[in-house]
Every structure is written in C-alpha cells, then in structure tokens.
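See structure below.
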Amino acid sequence: MAFLEIRDLYKTIAGADILKGIDITLDKGGFLVLVGPSGCGKSTLLNTVAGLTDVTKGDIVIDGEIVNDLHPSKRDIAMVFQSYALYPNMTVEGNIAFALEMRGVPKSERDEAVRAAAKTLQIEHLLKRRPSQLSGGQRQRVAMGRALVRKPRVFLFDEPLSNLDAKLRVEMRAEIKRLHRDTGATIVYVTHDQIEAMTMATKIAVLKEGIVQQVGSPEEIYRRPANLFVADFMGSPAMNLLEGKVVTNGAERAIEFAGSGSDGPIRLAMPSSVRETTFVDGQSVILGIRPEAITDRGLTDPEATTVSIVDALVDLVEPTGSDTFVVTKIAGKEITARVRSDVDARAGETFQFAFNLDKAVVFDPKTTKRLA
Amino acid sequence: MSAAATSVSPGSARFARYFIYATLVIFALIYLLPLFVMIITSLKPLDEIRSGNMLALPQAPSLDAWFKAWGTACVGVNCTGISGYFWNSIKMVIPAVAISTILGALNGYVLTKWRFPGHKLVFGMMLFACFIPFQAVLIPMARVLGEIGLSNTTAGLVLVHVVYGLGFTTLFFRNYYEAFPDELIKAAQMDGAGFFKIFWRILLPSSGPIIVVTVIYQFTNIWNDFLFGVSFASGGGAPMTVALNNLVSSSTGVKEYNVDMAAAMFAALPTLIVYVVAGRYFVRGLMAGAVKG
Ligand SMILES: Nc1ncnc2c1ncn2[C@@H]1O[C@H](COP(=O)(O)OP(=O)(O)OP(=O)(O)O)[C@@H](O)[C@H]1O
Ligand SMILES: [Mg+2]
C-alpha cells in the first residue's frame, strides 16, 4: 500500500486555482521528484503536504491516515527549504536541536542525536557557529541536518540545491542520494532541474499549471512521455519534435516530412512503438525522437530493427568533448543529433543521419497525447 | 560628491571639504550652546548670574543649586524638591515603554506572520492612531480614566501612553517583521514551536535594532510629555515635566535661575543617557528599516 497518497487535491489561493486535482502516490522509501516550470504549483503542493497551507478539496494521506487537519508539527514531516530557513540567532547546534527541544527531548539525548546527524553530514566542526558564518553548501548541510535529526516519516525538499554552484550541486546531489539509500527515507523533492530529477528519483511527477501531466519512473518519463509537454520539458537537449504526415510506403506505413529547400520530402519508417496503431493516410502526426537516437551510421545500435537513413545539410556542429551535437533542419525545424566526437561533420555539408525509430514516439498534434 | 571632486582642482576640493566641516562645527556649537548655558548657570550662585555674563564660566562652581532642586526647592506649595516627581516619571516611563514595546512587537508579529482576514484594515486604523493629535483625545481619555477609576494616578498615565504609543510601536515592528522571512516561521512551525515560542525564540532575538529604536522613541516621547501629564496627573502624582513647569513658575520671591537650570538638567538627563547608551543602535536601526523598506 502506498505510504504517501495525494488524492484529488485542489488548492485555490485568492480565487485562483493553483492545484487542480492532483493524484500521486508514493511507496515507503520512495523518492518522488516533482518537476515543472516555474509557477506550476510545486511549492504549493509541498506546502499542503507539510500542512503549512490547508487544502481546498481532496486528501493528504500518510500511512493510511488522513492528515488534512493535522498541524504541521503533528504530521511527523521534515522540510528543507530553498532558502534553508536557518534560525539566524542560534548556533548550528541550536538549529539542529530545536525540533527535539520543542518536543521535550532531554538534553543528553538531544546532544547525542545532534552529534549523530552532524557526523553523517560531516559538519561536526561547525556546531558552534552561527548560520551567518557558514558557506552556502554548509548551510545546506545544516538544513538537512535539522530535518535528519527528527527521523521523520517523510522528508520534503523544496529546491534545496538551487542556490549552490554547479560543482557543489553535483556533490550534494550524490550526498542526498546516498542518504536516501542509507536511511531508506521517504522523500518528496521539488526541483526544476531535470537532471536532478532523472538521477535521484524513483518516481517523477511532471506538473504544469497545477495539473499532473505524467507520473512514472524516470525511464518511463524519458522514454515514453505522455504528451508533448513532458517530451519537451524532460531531457537536455530537448527531444526533437517533427510534424509530418502518415503515408503508405509499399506494404509499410511511413511518416513523410517536407524537405528543406530544394530537397524532396523525407520519409522515416513508422516507429516500432506504434506498430499496432491504426493510422489513415494523410493523418498528421508529430514524431518525437531524442538526440541520441539520431546518430551517424557507425554508431547505430546493431540491435535496432527500424532504422531510416537520411541525408541532410549540417547547420551547426557543437562538440561537447565526449560526443558532438549536430544540428540540421528537417521540415523547417531544427533537429539535434548526437554523433561520435570523431565523426567528420562540417557545417554546410551533407551528412548521413541514422534515425533509430525503435526509440521514437508519435504524438497526436490535436490532443498532444502520445499514441500507443 | 566624488564626481564634483574630480572635476575641480585638488586645492579647491580640500577647501570645499573644510568649508563643510566648518559649517557643521558651527551648527553643532549653536545646538550645544543652550546646554552649555544651562550647565554653567546651574553651577553659579545667584549673585554671579545676575551680575555677570551669561556665557562666563562660574568662578567657584558649586552643586548647591542641584541639591536644592532635588531636595528642597518649592514646587507649588510643597518645598520637597523635584525628587518625588522624578520618581513619578520613572514609575510611569518604564512600564509604559515596556508594555507599549511588547504589545507593538506582538502586533507586528501577528500582522505579518499570522495574517487574518481584514489585517490590512486593522493596520490602517492603527496607523491612523499615529496621526490623531494629542488635543483630540484629551477629553474622551479623561472620561475613560474617570470611569475606570484611574484619574490622577501614575497607572492612568501609563495606560494613556501605552494606548497612544501603540500605533507607533506597531508600525515600527510591522515594517521590521515584514522583511523577516516567512520560511523561518514555517520551519519553526514544523519543528513544533507554537505561537509564543516562535515569537520568543525566533523573532525577538532577531529584533535588537528595532527594539532599540522603539524604546528610544517611546522613552523620549513619554518622558518629555507634558500635555498628558498636566491633564491627567496633577498634584503629587505629576510627572517630572509638569513639576519642572510648576517649579519655574512658582513665584515665591526671587527667581532662582540656577535651581531652575539644575532641575531642567534633571529632567533632561534620562533621555540624554538613553541616547548616549543606545544612540548608535538607534541610527543603525533606522538605517536598516530604510534599506529594507
Ligand atoms: N499567496 C499567494 N497568493 C496568490 N497567488 C499565489 C500565492 N502563492 C502562490 N501563488 C501562485 O501560485 C502559483 C504556484 O506557486 P508555487 O510557488 O507553488 O510555484 P512553484 O511551482 O513552486 O514555482 P517555482 O519553481 O518558481 O518555485 C503561482 O502562479 C503563484 O503566483
Ligand atoms: Mg517553488
């Protein structure tokens, strides 16, 4: 049974519907990441779970108990805020021990717990300092220590790494992941960094304007996005989305795209994911294909069953070191392909792209939903 | 300033600077002059005051006038000095400042961190209280004090000053707490701290500058108040300011300027001390408020 359940949750603030029927469940020990563009309601959702704002309609259920009317301190939830929210007038030790003190835990036990948490986070040498004397990364650790020391049923993180520089962020990301593995904690984590989402989550929920677009494992979200929004939002560089028409190519169906300039139309085989779907000739579809599924011929997956080879003019070459992104135009849209770094692709020249259509998905342009 | 300095020659820039400093010094002297006259006059005997120059230093400084003002000068018909009235003022100012500051802090806390429907209206009305002139509240206030039996008492004066000061102290604290991060309150709530625990443990320890500003502001206003004092507490319960007025205007025989000045110094001393001790924080607190808006 799910440990944390959000059931048909609505939240209205000042007459505006911020959350519109959220349904998410999370198992004990799971790591749920909420992603979505700014203002989509991630923090609001987290606040309702924490009890810092009340819900307009729907239920928050923890371990089988509806907690809608339970005060935040009674929910046994700890939260790490984006600004860390460390108490400026207390030492690090005081900050970490505060929750225990409020719960009437005796001093000796408190000290013990603070030491243990500090040890886990390697901040033992900072215990006597005040928050203003700490670096960003250290503050972040203290904020985590404050949550950790309570051993709560659920941890909530609201963009905890967004104030850190890139290197520290990668470090802390690994640390949170390790913490999750070691403690088996149940975590809800908000971010709009999709790499964070992909690397840490056991489950991702993509939100847009207060509506859940898709809930699933990182792999599901990445491989089989439920709609165009999710396809475009997750992944960097973004998934290539090409509008074309269904045509019959001998016995097989294919998708035809307008060529660029003087070139004729381009045909790609029907992706494997929609083998069973019925199409009519001339039907508009949007093909979604990740950059790593468009490669040079040599890098093509030997297992692939459906590959189309396309000659196209190279617009731009972006080497990243490990591999190279090649940008071309098909049907008037920029397409990014990911090729080996030692492949000789030059802007202004023609290049042979291999489209691995086993890894492509197809969307209906009207409903924006993925066709299965 | 620096742009102007670079556009002119170094010599004239220095001259401009000297000119500014000289002006500042002159104005400072003008402001300090009355204090200087008060002090030297209080240290001179009466003959010397009548015959000599007002600005001349005393030939044989003595504290006689100070002792007389404190212990034996006649205020109205009682010749027991101003000491009793001084303590009246102390007994009025300390509770009045403490209560109005604490209530202002609580109001500010509620108006920013525990908002309720209509909080804007309530704050608006409290702000309005800051602009009501003293004279407008005299008669209603006298009625109220009479009804609750606090006429002519120090407790009554304390009540008046607390009520009148509440608008200001609330304004100070509200603006200060407005800039205080809400997330800290949320974090404390999740940590299990209640309304007063959050106030006491999180908010108040971070309120040093604004407490200093409020205390100085309230202390000076309440200590220096004359109108409320003369209206609601005449006679033996009168505060220092009222007694000083009575002392100076007591027309028994010759005018003892040295005693008057000494008494005035006693009246001014507490506010002076408060400024000297906490003035630095006062300026800092005002600046902090100004920057955070
Ligand atoms: N107190 C409030 N009054 C009115 N609208 C609010 C209030 N708080 C939040 N909102 C609105 O609710 C929406 C969701 O806000 P929320 O803070 O949950 O977004 P978010 O997904 O966390 O965004 P971000 O990624 O920028 O943190 C926003 O459009 C915001 O304007
Ligand atoms: Mg947010």
Side-chain angles (χ1 to χ4, degrees), chain A residues 13-14 43-44 46-53 70-91 94-105 110 130-132 139 142-150 152-160 163, chain B residues 101-102 105-106 108-123 173 175-215 281 284-285 287-289 291-292:
Chain A
I13 303 177
S43 298
T44 309
L46 216 56
N47 280 337
T48 56
V49 173
L52 295 169
T53 45
L70 223 50
H71 187 267
S73 63
K74 302 269 172 8
R75 292 190 186 193
D76 199 8
I77 290 179
M79 185 154 166
V80 176
F81 293 87
Q82 181 172 356
S83 64
Y84 311 143
L86 301 180
Y87 309 127
N89 54 303
M90 297 180 204
T91 60
N95 265 280
I96 298 177
F98 189 69
L100 300 180
E101 193 191 333
M102 289 300 117
R103 280 170 175 67
V105 176
R110 243 154 49 200
R130 280 179 195 273
S132 57
R139 282 178 208 189
V142 175
M144 289 203 345
R146 207 167 61 177
L148 211 61
V149 76
R150 287 174 44 189
R153 292 192 290 187
V154 180
F155 284 95
L156 307 178
F157 289 90
D158 194 353
E159 305 197 33
N163 290 337
Chain B
T101 303
I102 288 170
L106 273 172
Y109 172 47
V110 171
L111 286 171
T112 53
K113 305 301 174 200
W114 297 82
R115 290 202 162 135
F116 49 91
H119 68 91
K120 278 201 179 128
L121 184 70
V122 170
F123 180 58
F173 279 99
N175 287 353
Y176 191 78
Y177 290 155
E178 184 74 36
F180 194 85
D182 288 343
E183 286 196 341
L184 281 173
I185 310 295
K186 291 185 181 175
Q189 265 181 292
M190 297 199 70
D191 277 349
F195 179 88
F196 285 107
K197 270 268 160 53
I198 294 176
F199 180 64
W200 188 248
R201 294 289 305 273
I202 314 286
L203 229 53
L204 265 195
S206 309
S207 310
I210 200 66
I211 291 176
V212 171
V213 169
T214 310
V215 165
Y281 301 99
R284 211 178 290 165
M287 300 304 277
V291 174
K292 280 177 195 154

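FYI, side chains are in, hydrogens and waters are out, and symmetry mates aren't considered; it's all heavy atoms of this structure. In what follows, chains are A, B, ... by sequence order, proteins preceding strands, each numbered from 1.
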Next item on the list: Please say whether more than 12 non-hydrogen atoms of neighbouring residues, nucleotides or ligands are located less than 6.0 Å from CH2 in B/W200.
Entry: no
Pairs of heavy atoms under 4.5 Å with chain B: top-ranked of [options]:
options	value
A/Q82, A/M102, A/R103, A/H71	A/M102
A/P72, A/A50, A/S83	A/S83
A/R75, A/M79, A/K74	A/M79

Note, [X] side chain near [Y] side chain (heavy atom, < 4.5 Å):
X	Y	result
B/R201	A/F98	yes
B/D191	A/E101	no
A/R146	B/M190	no

For [X] and [Y], work out which heavy atoms get closest and say how close.
X	Y	value
A/S73	B/G192	CB-CA, 3.4 Å
B/L184	A/L86	CD2-O, 3.1 Å
A/N89	B/I202	OD1-O, 3.9 Å

Check: Any donor-acceptor pair under 3.5 Å linking the side chain of A/Y87 with the backbone of B/L203?
Finding: no
Note to self: If I measure from the heavy atoms of chain A, does B/K186 come under 4.5 Å with its side chain, its backbone, both, or neither?
What the structure shows: both
Margin query: For A/N47, which atoms come within 4.5 Å of any heavy atom of chain B: side chain, backbone, both, or neither?
Written below: side chain
Checklist line | Portion of A/I77 that has a non-hydrogen atom of chain B nearer than 4.5 angstrom | finding: both
Checklist line | Largest heavy-atom contact set with chain A, pairs under 4.5 Å, which of B/P205, B/G194, B/P181 | finding: B/P205
